[in-house]
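Chain letters run A, B, ... following the sequence lines, proteins first, then strands; residues in each count from 1. These figures come from a predicted structure and were not determined experimentally.
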Amino acid sequence: MAGVTVRLPDGSTKEFEPGTSALQFAQSIGPRLAKAAVAATFDGEPVDLSRTLPDGAEVTVVTATTPLGREILRHSTAHVLAQAVLRLWPGAHFAIGPVIEDGFYYDFELPGGVHFTDDDLDRIATEMRAIMAEDQPFVRHEHSIAEGLELFGDQPFKREIIEAVGAGQDEVDVAAEGAGEHGVSTYWNSPAFTDLCRGPHVPSTGALGHFALMRVAGAYWRGDEKRQQLQRVYGTAWETDEAVAEHLHRLAEAEKRDHRKLGVELDLFSFPHELGGGLAVWHPKGGIVRKLMEDYSRERHAAGGYEFVVTPHLANANLFETSGHLGFYKDGMYPPMEMDNGTYYPKPMNCPIHCLIYASRQRSYRELPLRLFELGTVYRYERAGTLHGLMRIRGFTQDDSHIYCTEDQLQEEIGSLLDFVMSVLTAFGFTEFTANLSTKDPDKYVGSDEIWDKATDALRLALDHSGLPYETKEGDAAFYGPKIDIDVRDAIGRTWQLSTIQCDFNHPERFGLEYVGADNARHRPIMLHRALFGSIERFFAILVEHYAGALPAWLSPEQVRVLGVRNDHQGYAEEVAAGLRGRGVRVSVDPADEPLNARIRRAKLEKLPYILVVGDDDVAAGTVGVNRRGGERPERGVPLVDFTAALQREIDERIVPEPVADA
RNA sequence: GCCGGUGUAGCUCAGUUGGCAGAGCAGACGAUUUGUAAUCGUCAGGUCGUGGGUUCAAUUCCCACCGCCGGCUCCA
């Protein structure tokens with residue numbers, strides 16, 4: 001009988017007996033590889049190590065230290081989690097247990113409506129370790145839909161997943177759970193535990209063990225708020241205990257740069273209990289940063305051909321009826337105020353009011369594109385559970401603009417907007433951008449299909465021209481038009497959605513906006529909504545986290561602190577400070593009432609860009625000792641004029657430091 | 001809004017199986033005068049998130065509410 005020939009990743013081929021398993025294949029290459037293997041791929045398709053080699057396939061061995069290998073570890077660990085919960089809570093129903101970034105979760109419904117508490121995590125982990133010690137195999141089986149339904153007769157969620165296939169729903173979703181058009185696949189671990197799953201899995205539970213259960217949470221079945229809430233357990237799993245520890249360490253590091261923590265430590269802002277949930281106050285040090293951000297924004301907008309407008313915080317309900325927001329977002333708006341001549345709402349967005357400015361008089365095509373810009377403060381009633389520091393609050397300020405242009409101008413306007421956005425964000429130290437194109441939500445939109453297609457095409461074309469990498473998110477658009485969202489990557493690799501450019505044919509129509517064209521006829525303008533920071537509060541929070549509080553010199557609340565070695569250097573220290581202050585530098589003097597080291601430490605903890613130490617030598621020579629943030633060692637005897645010139649340049653040119661991953 | 005956790009001094013946290021509430025840092029005052037990440041001492045600082053209830057007695061036990069934290073849902 002002829003053997004099977006497979007290709008290796010290096011391009012070579014190798015022949016095997018028919019029936020050779022992927023594990024045997026790995027062993028033939030080396031015992032170390034076989035030991036490290038968690039799964040294999042046949043022509044790129046992940047499979048169990050027990051699978052037999054198909055003739056002609058390209059075969060790779062998946063080890064636990066690769067991204068795919070970790071996914072498999074995590075998925076298998078999730079199965080063990082489910083088995084442990086079913087052992088500890090007999091009669092529990094289990095739902096889905098997918099892999100997520102850096103970990104996994106599994107959703108359950110416990111008998112009698114019981115909820116998990118944090119204390120349960122230890123019990124579950126102990127049971128999981130017992131299952132791992134039992135070294136149960138993961139044995140794959142294929143079943144028909146009918147068999148699957150019978151197998152999971154007492155598991156309503158599993159049945160629902162299997163039934164969804166029959167109904168042709170959510171194919172992508174359920175495929176990962178092991179249900180497909182032609183049947184279902186399951187993994188058998190022990191007589192007491194079989195799970196619906198596409199696989200692949202590690203050969204046995206003994207191959208697992210480096211995991212941690214993180215937390216419990218409630219989560220709606222199938223992500224639907226109207227359906228029942230299940231009990232979710234989150235966990236993480238890695239190839240070694242060291243890798244688990246490193247992961248936990250990374251989480252701790254990320255926590256150190258949490259803007260809410262740094263906001264207290266650096267005295268930037270707070271959320272006074274007495275003020276109410278989701279409402280922030282900016283302290284002087286946060287306030288100056290915000291002012292600098294706003295000043296820079298205004299400067300760039302002025303240069304970019306924008307005109308500045310100001311609108312009130314309240315608006316008549318009729319306005320939001322006209323715009324359509326009340327219809328779609330009433331629940332997200334602050335409750336109305338009844339006043340003698342009508343009903344008023346705190347504005348949740350600025351666009352309808354900008355439309356009123358446009359409509360205040362007749363417009364000519366010569367005025368277009370008309371770019372109205374405002375740092376507009378809006379109020380949204382965010383649900384209590386969604387509030388999150390400055391990232392998600394109930395009152396915030398948008399760097400908002402509405403651009404009214406002709407159809408002919410649309411394409412160019414979008415293109416130059418993309419350039420403008422990235423240019424401004426770059427000044428704050430963000431250099432890696434990606435984009436998303438959101439298209440019409442078929443269940444939530446206004447306007448004709450034709451107009452949506454036109455707008456979507458314009459955005460797509462602009463993105464293609466820009467060279468920005470982007471993905472298309474079907475159905476993610478706002479109700480009034482498609483949009484481009486721009487994401488940035490921060491110092492520790494997280495991505496944040498910042499800017500948005502939204503194309504809107506609907507507001508102009510609803511507000512009856514017109515311009516007189518060169519043909520002396522009336523035409524309808526197109527409107528672009530756009531924000532670069534999105535919300536100033538949120539952008540500030542992202543900046544703080546990106547820099548771990550060590551903001552670039554041009555944005556630092558205090559840029560320089562001068563320390564005299566002894567009190568008799570105080571006069572010179574004041575002189576140095578006064579000179580810098582005269583050039584607009586934010587500087588203070590910390591007198592020698594305390595030892596130098598204590599004052600240096602304090603300034604370091606406050607993350608100042610520069611500490612100047614001045615002593616006898618400096619007084620004599622007109623120099624300063626420069627202790628630069630992030631610098632290796634301080635520099636002695638720098639001529640004051642040199643330091644001043646270099647600092648001035650750093651500030652004027654808005655030089656941004658390389659953000660460091662270690663907070 | 002839903003699930004879990006949590007709330008003690010400005011900050012970080014001890015503590016009380018129900019019996020007058022503690023530390024470090026920060027703050028004030030005094031001493032110290034210091035060349036690159038913590039000088040010493042003294043003092044002050046709290047209705048133990050809020051409101052009810054049980055009790056001779058509640059920061060502690062029970063109930064409700066509020067805030068915050070982690071998720072879910074939502075995010076114009």
Side-chain angles (χ1 to χ4, degrees), chain A residues 105 107 113 115-121 214-234 255 258 260-261 264-265 267 270-278 320 323-333 347-352 378 380-389 391-392 398 400 444 476-481 483 497 500 502 504 507 529 531 534-535 538 563-570 591-605 611-618 624-628 631 633-637:
Chain A
Y105 66 79
D107 287 346
H115 295 149
F116 287 129
T117 70
D118 285 358
D119 297 336
D120 293 327
L121 290 177
M214 307 297 289
R215 56 181 60 93
V216 299
Y220 299 105
W221 169 232
R222 280 168 117 50
D224 185 346
E225 195 179 9
K226 293 185 187 65
R227 304 196 62 171
Q228 75 198 97
Q229 193 165 45
L230 304 177
Q231 294 295 303
R232 176 172 296 180
V233 178
Y234 283 94
E255 214 170 290
D258 189 310
R260 293 165 300 187
K261 187 177 159 66
V264 175
E265 287 173 6
D267 197 13
S270 62
F271 290 89
H273 196 280
E274 302 86 334
L275 188 58
F320 301 117
S323 71
H325 285 96
L326 259 179
F328 286 100
Y329 294 110
K330 192 168 194 295
D331 291 345
M333 290 166 66
K347 66 174 171 181
M349 81 303 297
N350 305 298
C351 30
V378 298
R380 296 181 183 176
Y381 183 73
E382 303 285 1
R383 296 205 280 182
T386 65
L387 299 172
H388 182 92
M391 299 277 189
R392 190 89 182 263
Q398 297 176 310
D400 204 4
K444 188 172 154 188
D476 253 19
F479 71 88
Y480 49 69
K483 63 174 178 173
Q497 184 188 309
T500 185
Q502 307 175 349
D504 182 1
H507 271 86
H529 305 236
S535 134
R538 181 164 175 277
L563 313 178
V565 173
R566 291 187 314 272
N567 263 351
D568 47 326
H569 304 125
Q570 179 72 4
D593 300 332
E594 289 168 281
L596 183 61
N597 276 344
R599 289 176 286 150
I600 289 172
R601 178 180 148 82
R602 181 162 52 234
K604 288 288 184 191
L605 291 175
I611 301 164
L612 300 184
V613 174
V614 296
D616 293 335
D617 303 347
D618 300 294
V624 292
V626 180
N627 187 327
R628 173 196 295 268
R633 55 177 53 199
E635 206 180 336
R636 289 279 296 271

Short side-chain to backbone donor-acceptor contact, [X] and [Y], under 3.5 Å:
| X | Y | answer |
| --- | --- | --- |
| A/R599 | A/G564 | yes |
| A/Q231 | A/F116 | yes |
| A/N567 | A/A592 | yes |
| A/R380 | A/P348 | yes |

Contact class for [X] (heavy atom, under 4.0 Å): base, sugar-phosphate, or nothing?
| X | value |
| --- | --- |
| A/R260 | sugar-phosphate |
| A/A592 | base |
| A/D618 | base |
| A/R383 | base |
| A/D331 | nothing |
| A/Y234 | sugar-phosphate |
| A/N627 | base |
| A/R392 | base |
| A/F116 | sugar-phosphate |
| A/G278 | sugar-phosphate |
| A/G223 | sugar-phosphate |
| A/L596 | sugar-phosphate |
| A/H115 | sugar-phosphate |
| A/R380 | base |

Inter-nucleotide [atom1] distance ([N], [M]), Å rounded:
| N | M | atom1 | result |
| --- | --- | --- | --- |
| B/rG49 | B/rU6 | P | 13 Å |
| B/rC68 | B/rU33 | C1' | 44 Å |
| B/rU59 | B/rU54 | P | 15 Å |
| B/rG22 | B/rU16 | P | 13 Å |
| B/rU50 | B/rU42 | C1' | 36 Å |
| B/rG19 | B/rA58 | P | 11 Å |
| B/rC25 | B/rC74 | P | 49 Å |
| B/rA38 | B/rG1 | C1' | 47 Å |

Mutual orientation of the aromatic rings belonging to A/H325 and A/F479 [parallel < 30°, tilted 30-60°, perpendicular > 60°]: perpendicular
A/E594 vs A/Q231, nearer the 5' end of RNA chain B by closest nucleotide: A/Q231
Closest-nucleotide ordering on RNA chain B, the 5'-leading residue of A/Y220 and A/H388: A/Y220
Under the 3.5 Å Watson-Crick or G-U criterion, the dot-bracket string of RNA chain B, with | for inter-strand pairs: (((((((..((((.....[..)))).(((((.......))))).....(((((..]....))))))))))))....
Pairing of A/R566 and A/D568 as salt bridge, 4.0 angstrom limit: yes
side-chain contact (heavy atoms from CB on, under 4.5 Å) between A/D120 and A/V216, worked out: CA-CA 9 Å; A/D120 293 327; A/V216 299; 5.6 Å; no
Minimal non-hydrogen separation, A/H507 against A/P352, with atom names: NE2-CG, 4.5 Å
Nearest non-hydrogen partners of A/S323 and A/F320, listed with the distance: OG-O, 3.2 Å
CZ/A/R628: more than 12 non-hydrogen atoms of other groups inside 6.0 Å: no
Atom CZ of A/R227: over 12 foreign heavy atoms under 6.0 Å: yes
Chain A footprint on RNA chain B, 5' to 3' - any atom under 4.0 Å from a heavy atom: B/rG1 to B/rA76
